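Read the structure below first, then the notes.
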Protein chains: 2
Amino acid sequence: MSSSKASANEKGPTGRRYHHGDLRRAILTAALDAIAADGPSGLSLRDLARRAGVSHAAPAHHFKDRAGLLTAIAAEGFGLLATALREAADLKEAGVRYVRFAREHPAHFQVMFAPDLLRTGDLELTTARALAGDALREAVTAVPPEGRGADARLAGVAAWSLAHGFATLLLGHNLDGPVGDQDPEEVFRELAAMLFRHAG
Amino acid sequence: MSSSKASANEKGPTGRRYHHGDLRRAILTAALDAIAADGPSGLSLRDLARRAGVSHAAPAHHFKDRAGLLTAIAAEGFGLLATALREAADLKEAGVRYVRFAREHPAHFQVMFAPDLLRTGDLELTTARALAGDALREAVTAVPPEGRGADARLAGVAAWSLAHGFATLLLGHNLDGPVGDQDPEEVFRELAAMLFRHAG
DNA sequence: CCGCGCAACTTGACACTGACAAGATTGCCC
DNA sequence: GGGCAATCTTGTCAGTGTCAAGTTGCGCGG
């Protein structure tokens, strides 16, 4: 509308420049902030647009939908989780990384496991999820059978369930009483020790 | 509006009678159906009203809010869970009841652990939650120390984490591969056996 | 038996949201 | 330098939650 000669790097008279530069990333981080603060349910695309200083329909160009945005977040989350798991020395440490990930990236974590908010068939998402699954399986098979029982698949389910349950309950403030002000990662180490101990 | 003489138990000419009879329960069950089908996020109060055959603002009279409705569901869920846990003979069986509850009442379960949808301070909710917490603690302390380790609180966190993680992952279809078509409750029994075994 | 208060329900309105369509702007590549 | 495609805007529509004010009729006290 305005015929201003504002260059690409300067804001126009309306306080915004036409091309944001990295709007996709801006929307993503704004969304992560909002989700960490208020949960994924209250998330509003229009609000994110306002925070980023763009028009209300701008986000739709990068993420088709609300579901598209959340799917992108979930995929990113599974990617981050996969690399975090790969850095672990053993299975117990992988579990520790799991709960650390949940605490450091609560928004990602919440969205990753909220299937009703995602486009579950999305390719990017499924591949990222598979990547994380591989990382988990590797961690499980790395520990010798006498420390985890014969059935590796069962051990994987056990480890994942324990870590996931602990992380989920933690984020939901359901363990504020029991763990109190102890370091959650230390607490989890004890849980993991209960689950996997050398046969007596 | 219409001056029809339809009695309290007959539908008027608009297909509805003014006083529903048990609208609160009707809305609750409609909500549970909708949540089980599409998750809590897509829930619409107006849609529930349509299903129940009442006007769009009718639900607000029974549950002030959207949050009010979900809070009521969560409270009901914790009540059901508490009685289910009390019926268990030992701790392992309590865990089995936990995952059974999640599978039989998926809508309740999802809402109970979605804090961003609830009025977390609600009295009814907190008391129901406390009830369920008591039931869990009783189940934990009932098992002798040599079977669960010295720290009862830690054992409680472990049991809860394992059951909750397993149930959550199950409902999210994250374990469709590993558990396949086995009976989830049987699988969980094996997990529980890994966690609590007599010291060697 | 009657009328009256109060709970249950309705109608109407407002602001907000997600989604779509069509136009404006601009980086970029030939 | 010119045009093309990506990026962003403006405008619009149906749907939603929530509040306010009016209607209906159950049930209780007389």
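Throughout, protein chains are lettered first and strands after them, A, B, ... in sequence-line order, and every chain is numbered starting at 1. Note that the coordinates shown come from a computational prediction; the quantities given were computed from them, not determined experimentally.
- Relative ring orientation between A/His164 and A/Phe113 is described as perpendicular, the plane-to-plane angle rising above 60° on a 0-90° scale split at 30° and 60°.
- Per the geometry, CZ belonging to B/Arg24 stands 11 Å off P belonging to C/dA8, to the nearest Å.
- Remark: B/Asp65 engages B/Arg119 in a salt bridge, criterion side-chain N to carboxylate O under 4.0 Å.
- When the C1' atom of D/dT18 is taken as reference, atom CZ of B/Arg119 falls 12 Å away, rounded to whole Å.
- Between A/Phe166 and A/Phe188, the angle of the ring planes lies from 30° to 60°, which puts this pair in the tilted group.
- Side-chain contact between A/Arg103 and A/Leu170 is present, with at least one heavy-atom pair separated by less than 4.5 Å.
- Atom CG of A/Asp22 is separated from atom P of D/dT7 by 11 Å (rounded to the nearest Å).
- Across all strands, B/Arg50 comes closer than 4.0 Å only to sugar-phosphate atoms, never to a base (heavy-atom distances).
- Side-chain contact check for B/His173 versus A/Thr120: every heavy-atom pair is 4.5 Å or farther apart.
- What separates CG of B/Leu69 from C1' of D/dT16 is a distance of 15 Å, to the nearest Å.
- In summary, B/Asp22 and B/Arg25 do not engage in a salt bridge, as defined by a charged side-chain N under 4.0 Å from a carboxylate O.
- The nearest whole Å value for the distance from the CG atom in B/Leu23 to the P atom in C/dA7 is 16 Å.
- Counted by atom type alone, B/Asp122 and B/Thr71 present zero donor-acceptor pairs between their side chains at under 3.5 Å.
- In the set C/dT11, C/dA21, D/dC8, the nucleotide with an atom closest to the side chain of B/Ala57 is C/dT11.
- Applying a 4.0 Å cut-off to non-hydrogen atoms, the residues of residues 27-46 of chain B that approach DNA chain D are B/Leu43, B/Ser44, B/Leu45, B/Arg46, listed by residue number.
- For the contact set between residues 60-68 of chain A and DNA chain D, defined by any heavy atom under 4.0 Å, the members are A/His61, A/His62.
- When the P atom of D/dG15 is taken as reference, atom CG of B/Asp47 falls 12 Å away, rounded to whole Å.
- Side-chain contact between B/Leu131 and B/Phe78 is absent, with no heavy-atom pair separated by less than 4.5 Å.
- Atom CG in A/Leu70 sits roughly 13 Å away from atom C1' in C/dG18 (whole-Å rounding).
- The aromatic rings of B/His105 and B/Phe101 lie tilted to each other, with the angle between the two planes from 30° to 60°.
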